[in-house]
Amino acid sequence: MKQRRFNKNQRRKISIFLRCVIISFIAWTLIAISNKYTVTLKAGIEYINIPEKRAFHPLQSDTVKVRVKMSGWDLLLSKFKPDSSNIQVDLSNLKTRNFIVFSSQLGFINRQFPANKQIIHVVPDTLYFDFSKQTQRKVPVKVPYNITFRKQYGITGETKANPAYVTITGPLEDVANIEFLETDTIRGMQIQTDVRTVANINRNQRTNITIYPTIAEIVIPVGELTEKVIEIPLKIENARKFTSVRTVPSKVSITTLVSLKDYNKWSARDFEAVVDLESWIEHSVTSLPVILTQVPDFCKIIKIEPQNVDFFVRK
């Protein structure tokens with residue numbers, strides 16, 4: 001098929017047309033991003049200025065819909081980086097009533113957002129609260145962690161939080177259901193020394209509970225580990241109905257990773273290995289698996305030899 005060629009005049013017209021299209025597109029884009037738009041976003045609620053002597057239950061969800069006015073440019077940017085922020089709600093008026101009206105706090109809420117975003121409405125506009133007797137109790141602090149260690153290193157002792165307990169205050173029925181509180185997750189990679197840090201106490205969206213203190217000092221002991229081989233005598237369970245039971249061998253050898261500084265601390269008396277004759281009685285197995293029923297904290301079992309033992313029974 002013969003390819004069509006444009007003459008000089010046609011090429012000039014096409015060039016002018018394309019430039020007009022590009023200029024129109026740029027002009028339309030500038031107009032679009034300069035216009036104001038109203039969008040609806042979801043936001044969580046954080047309560048501040050909680051009345052000290054009144055415990056409360058929110059009677060609605062802990063998230064609200066926020067109507068935000070912003071430019072087309074800001075709207076475009078928000079598509080690439082969605083907002084997931086919370087809004088703070090001032091509860092000081094709960095001293096005299098059991099509801100909070102958002103429309104009366106729009107000025108306070110707008111100060112929590114950038115100047116180029118204007119909050120015009122919150123749904124629902126009114127938050128209602130149910131009040132009950134306030135109580136206090138102390139609960140332990142737990143420390144979740146996600147840490148990787150250098151080769152031959154690991155945790156060598158109990159993780160410590162200071163304070164070990166925090167005081168929680170709130171409605172009796174809510175406080176009674178809290179057995180412990182966790183800190184934010186402690187993270188680290190290729191660690192070879194003790195982890196010492198400060199972490200926030202995570203309230204897990206319990207917005208009507210106050211916590212004191214709100215932070216804790218965390219120490220996770222980390223040290224070098226080494227292998228230790230220990231021989232453990234085997235104990236036999238469910239053998240009372242027999243005259244005698246003997247296993248071959250009568251001991252097993254375990255290889256465990258222990259802290260280098262605690263190498264001499266652990267011995268055979270700190271471990272327990274058993275075989276259960278119930279497996280033979282019920283399933284007629286020919287050998288019994290070795291089960292470790294006692295292992296000290298911070299000792300990691302690498303190997304058990306043998307994993308199964310032969311046995312002789314006299315009825």
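Below, each value reflects all heavy atoms present in this structure, side chains not excepted, and no hydrogens, waters or symmetry copies. Throughout, numbering of the chain's residues begins at 1 and tracks the sequence.
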Would you check, one step at a time, whether the test side chain to side chain contact (heavy atoms under 4.5 Å, CB included) holds for V195 with I186?
CA-CA 9 Å; V195 176; I186 309 300; 4.0 Å; yes
Nearest atoms (heavy-atom pairs only) where [X] meets [Y]:
X: P163; Y: P213; value: CG-CG, 3.6 Å
X: L234; Y: P249; value: CD1-O, 3.7 Å
X: S287; Y: D310; value: CB-OD1, 4.0 Å
X: P296; Y: W266; value: CB-CZ3, 3.6 Å
X: A273; Y: L292; value: CB-CD2, 3.8 Å

Check ion pair E305-K303 (N to O, under 4.0 angstrom):
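Salt bridge present between E305 and K303.
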Would you call [X] and [Y] a side-chain contact if the rule is heavy atoms closer than 4.5 Å?
X: F298; Y: I155; answer: yes
X: V89; Y: L91; answer: yes
X: I236; Y: F311; answer: no

Which residue, K65, R67, H121, forms the side chain to side chain donor-acceptor pair (under 3.5 Å) with T40?
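Of the listed residues K65, R67, H121, the side chain to side chain donor-acceptor pair (under 3.5 Å) partner of T40 is R67.
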For the residue pair E231 and S253, confirm or rule out a side-chain donor-acceptor distance under 3.5 Å.
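There is no such pair between these side chains.
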Is the closest side-chain donor-acceptor distance between E272 and T293 under 3.5 Å?
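Their side chains do contain a donor-acceptor pair, which is all the 3.5 Å distance test asks for.
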Step by step, would you call F108 with N110 a side chain to side chain contact (heavy atoms under 4.5 Å, CB included)?
CA-CA 6 Å; F108 171 68; N110 269 300; over 6 Å; no
Is there a donor-acceptor pair closer than 3.5 Å between any side-chain N or O of [X] and the backbone N or O of [Y]?
X: R137; Y: I168; value: no
X: N162; Y: A216; value: no
X: T256; Y: K300; value: yes
X: D194; Y: V222; value: yes
X: D270; Y: S267; value: yes
X: Q152; Y: L225; value: yes
X: T255; Y: I302; value: no
X: S104; Y: V101; value: yes

Option among D184, N200, T183, I201 that satisfies the side-chain contact (heavy atoms from CB on, under 4.5 Å) test with I215
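Going through the options one by one, the only one that passes is N200.
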Would you indicate whether E217, at its atom CD, is surrounded by more than 12 heavy atoms from other residues, nucleotides or ligands within a distance under 6.0 Å?
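It does not: E217 CD has 12 such atoms or fewer within range.
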Taking atom CD as the centre, does E158 end up with more than 12 heavy-atom neighbours from other residues, nucleotides or ligands that are less than 6.0 angstrom away?
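Result for CD/E158: open.
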Kindly confirm or rule out a cation-pi arrangement of K142 over F180, judged by NZ or CZ under 6.0 Å from the six-membered ring centre and within 45° of its axis?
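Because its charged atom sits under 6.0 Å from the ring centre and within 45° of the axis, K142 does stack over F180.
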Same apolar cluster: [X] and [Y], side chain cutoff 4.5 Å:
X: I232; Y: I301; result: yes
X: V143; Y: V139; result: no
X: L257; Y: V252; result: no
X: I254; Y: V274; result: no
X: I291; Y: L277; result: no

Between I100 and N93, does a side chain to side chain contact (heavy atoms under 4.5 Å, CB included) hold up when you go through it step by step?
CA-CA 7 Å; I100 293 293; N93 287 334; 4.0 Å; yes
Begin with the C-alpha distance, continue with both residues' side-chain angles, and end with the deciding distance and a verdict on side-chain hydrogen bond (donor to acceptor under 3.5 Å, both in side chains) for Q136 and T169.
CA-CA 5 Å; Q136 284 186 347; T169 305; 3.2 Å; yes
Measuring from atom CD1 of I230 to atom NZ of K251, what distance do you get when rounded to the nearest 0.5 angstrom?
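Rounded to the nearest 0.5 Å, the CD1-NZ separation comes to 12.5 Å.
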Please report the C-alpha distance between F312 and V248 in whole Å, then the side-chain angles of each, then the deciding distance to 0.1 Å, and finally whether the side chain to side chain contact (heavy atoms under 4.5 Å, CB included) criterion is met.
CA-CA 8 Å; F312 297 95; V248 179; 3.5 Å; yes
